[in-house]
Asks: 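I'd like to ask you about the structure that follows.
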Amino acid sequence: MIERNIFLENDKKPDLTDYMKFNSSERGNLGNEIPVLVYRLLEYSIREEIINQYGKEKQVEIFRNAGRRAGIYFAQNLLDLTLPFHEFIAQLQARIEEMKIGVLRVENIEKETGKIILTISEDADCSGLPLLGETVCNFDEGFISGILSTYSGKNYQSVEVDCWATGDRVCRFCAEASDK
């Protein structure tokens, strides 16, 4: 049996920041982008394996939690959290499109409650998928929740209500601040 060499400097457990370090010269031939097909291969193979081992509910929970972690990182490291809300949203839209995650649009904001309805078209997770009869963008739900929670200081929860995989041509999310 082959043993894995695991070395942690000072027994430090890596966090997301450690994994996000990237030097473009280390991929001098291939660059810093990968095709959507490769991203989906990774995402959906992990998704299927989690479902096989732990069930659908656990898969949704894990993907939402991972998305939230990624959203927090994204907001803290790639966005200006001091901007007024509308400027923050404009910056978020530009950054998401620049990184080829999708095209973000805000459909409605209820100022009294903080409820936000937004869409992502050309979503890396699901645009072009066949009709599957279920929403599949659980990672995105968490990603949006993490970004909005980090910016607002409130605990946002985001739920996908429309998805390419349910026959829509955009992914639509309802994000609301919660007490949890």
Side-chain angles (χ1 to χ4, degrees), residues 15-17 19-20 33-34 36 39-40 42-44 46-47 50-51 56-129 132-180:
D15 65 17
L16 190 55
T17 303
Y19 296 114
M20 301 312 315
E33 295 181 4
I34 61 171
V36 170
Y39 169 78
R40 287 187 184 175
L42 176 66
E43 177 182 11
Y44 285 98
I46 291 171
R47 181 180 195 267
I50 293 170
I51 290 170
K56 178 74 175 164
E57 285 183 31
K58 195 65 173 176
Q59 175 270 312
V60 169
E61 176 188 342
I62 289 169
F63 270 55
R64 282 182 181 153
N65 289 343
R68 177 177 282 278
R69 184 180 305 256
I72 291 167
Y73 177 89
F74 189 89
Q76 289 175 340
N77 293 281
L78 301 171
L79 299 172
D80 181 349
L81 300 173
T82 66
L83 293 174
F85 183 73
H86 288 322
E87 290 178 38
F88 174 77
I89 292 296
Q91 173 193 226
L92 176 60
Q93 289 171 313
R95 185 63 64 149
I96 284 179
E97 193 166 338
E98 169 191 319
M99 299 188 85
K100 300 181 182 182
I101 295 168
V103 180
L104 174 71
R105 298 287 178 254
V106 176
E107 289 186 341
N108 189 44
I109 301 169
E110 292 179 10
K111 291 187 182 201
E112 310 80 46
T113 64
K115 179 179 176 180
I116 303 170
I117 305 293
L118 52 91
T119 64
I120 302 177
S121 60
E122 300 183 43
D123 188 348
D125 288 323
C126 72
S127 290
L129 284 181
L132 301 174
E134 66 176 334
T135 59
V136 296
C137 300
N138 310 119
F139 184 87
D140 291 351
E141 291 172 325
F143 188 69
I144 292 164
S145 299
I147 291 169
L148 293 175
S149 296
T150 302
Y151 175 75
S152 70
K154 299 175 183 173
N155 185 24
Y156 265 85
Q157 299 297 319
S158 176
V159 175
E160 185 178 32
V161 295
D162 295 316
C163 182
W164 190 287
T166 61
D168 294 287
R169 291 301 173 249
V170 296
C171 296
R172 182 169 286 106
F173 299 87
C174 177
E176 297 184 76
S178 73
D179 296 331
K180 295 180 184 182

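The figures here come from the full heavy-atom set of this structure, side chains too, leaving out hydrogens, waters and symmetry mates. Note that the structure is a prediction, hence the values are computed from the model and not measured.
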Asks: If the threshold is 4.0 Å, N to carboxylate O, is there a salt bridge linking E107 and R172?
Replies: yes
Asks: Count the heavy atoms belonging to other residues, nucleotides or ligands that lie under 6.0 Å from CZ of R69, then report whether that count exceeds 12.
Replies: no
Asks: Tell me whether the count of non-hydrogen atoms from other residues, nucleotides or ligands lying under 6.0 Å of CD in E57 goes above 12.
Replies: no
Asks: S149 and R68: side chain to side chain donor-acceptor pair (under 3.5 Å), yes or no, with the steps?
Replies: CA-CA 9 Å; S149 296; R68 177 177 282 278; 3.2 Å; yes
Asks: Between NZ of K115 and CD1 of I117, what distance do you get to the nearest 0.5 Å?
Replies: 5.0 Å
Asks: Using side-chain heavy atoms (C-beta onward) and a distance below 4.5 Å, is F63 in contact with I50?
Replies: yes
Asks: To the closest 0.5 Å, what do you measure between CD1 (I147) and CD1 (I72)?
Replies: 10.0 Å
Asks: Please tabulate, one pair per line, all N/O donor-acceptor pairs under 3.5 Å involving side-chain atoms of residues 133-140, not counting sequence neighbours.
Replies:
unit_1, atom_1, unit_2, atom_2, d
E134, OE1, K56, NZ, 3.2
N138, OD1, Q59, NE2, 3.4
N138, ND2, E141, OE1, 3.2

Asks: Quick test of your reading of the model: are K58 and E61 salt-bridged, counting only N-O distances below 4.0 Å?
Replies: yes
Asks: Check this for me: E43, atom CD, are more than 12 non-hydrogen atoms of other residues, nucleotides or ligands nearer than 6.0 Å?
Replies: yes
Asks: Would you indicate whether the side-chain heavy atoms of R95 and L79 approach each other to under 4.5 Å?
Replies: yes
Asks: In Å and rounded to the nearest 0.5 Å, what is the CG to OG1 distance from L129 to T166?
Replies: 10.5 Å
Asks: Between V170 and W164, does a side-chain contact (heavy atoms from CB on, under 4.5 Å) hold up when you go through it step by step?
Replies: CA-CA 6 Å; V170 296; W164 190 287; over 6 Å; no
Asks: Tell me the ring pair (Phe, Tyr, Trp, His ring centres under 6.0 Å) pairs involving residues 73-101, sequence neighbours left out?
Replies: F74-F143, F88-Y151
Asks: Can you name the closest pair of heavy atoms from L78 and M99 and give their distance?
Replies: CD1-SD, 4.1 Å
Asks: Nearest 0.5 angstrom please: E98 CD to K100 NZ, how far?
Replies: 10.0 Å
Asks: Step by step, would you call C163 with C126 a side-chain contact (heavy atoms from CB on, under 4.5 Å)?
Replies: CA-CA 8 Å; C163 182; C126 72; 3.8 Å; yes
Asks: Can you see which heavy atom on G102 is nearest to which on I96, and at what distance?
Replies: O-CG2, 3.3 Å
Asks: Under the side-chain contact (heavy atoms from CB on, under 4.5 Å) rule, what do I116 and N108 come out as? Steps first, then yes or no, please.
Replies: CA-CA 6 Å; I116 303 170; N108 189 44; over 6 Å; no
Asks: Can you check whether R105 reaches V103 side chain to side chain, under 4.5 Å on heavy atoms?
Replies: yes
Asks: What's the separation between atom NZ in K154 and atom OG in S145, rounded to the nearest 0.5 Å?
Replies: 14.5 Å
Asks: Hey, could you give me the SG/CD1 distance between C171 and I120, rounded to the nearest 0.5 Å?
Replies: 7.0 Å
Asks: Output every pair passing ring pair (Phe, Tyr, Trp, His ring centres under 6.0 Å) with a member in residues 105-128, not counting sequence neighbours, ordered by first then second residue.
Replies: none
Asks: Given side-chain contact (heavy atoms from CB on, under 4.5 Å), test D80 with Q91 step by step and report yes or no.
Replies: CA-CA 8 Å; D80 181 349; Q91 173 193 226; 3.4 Å; yes
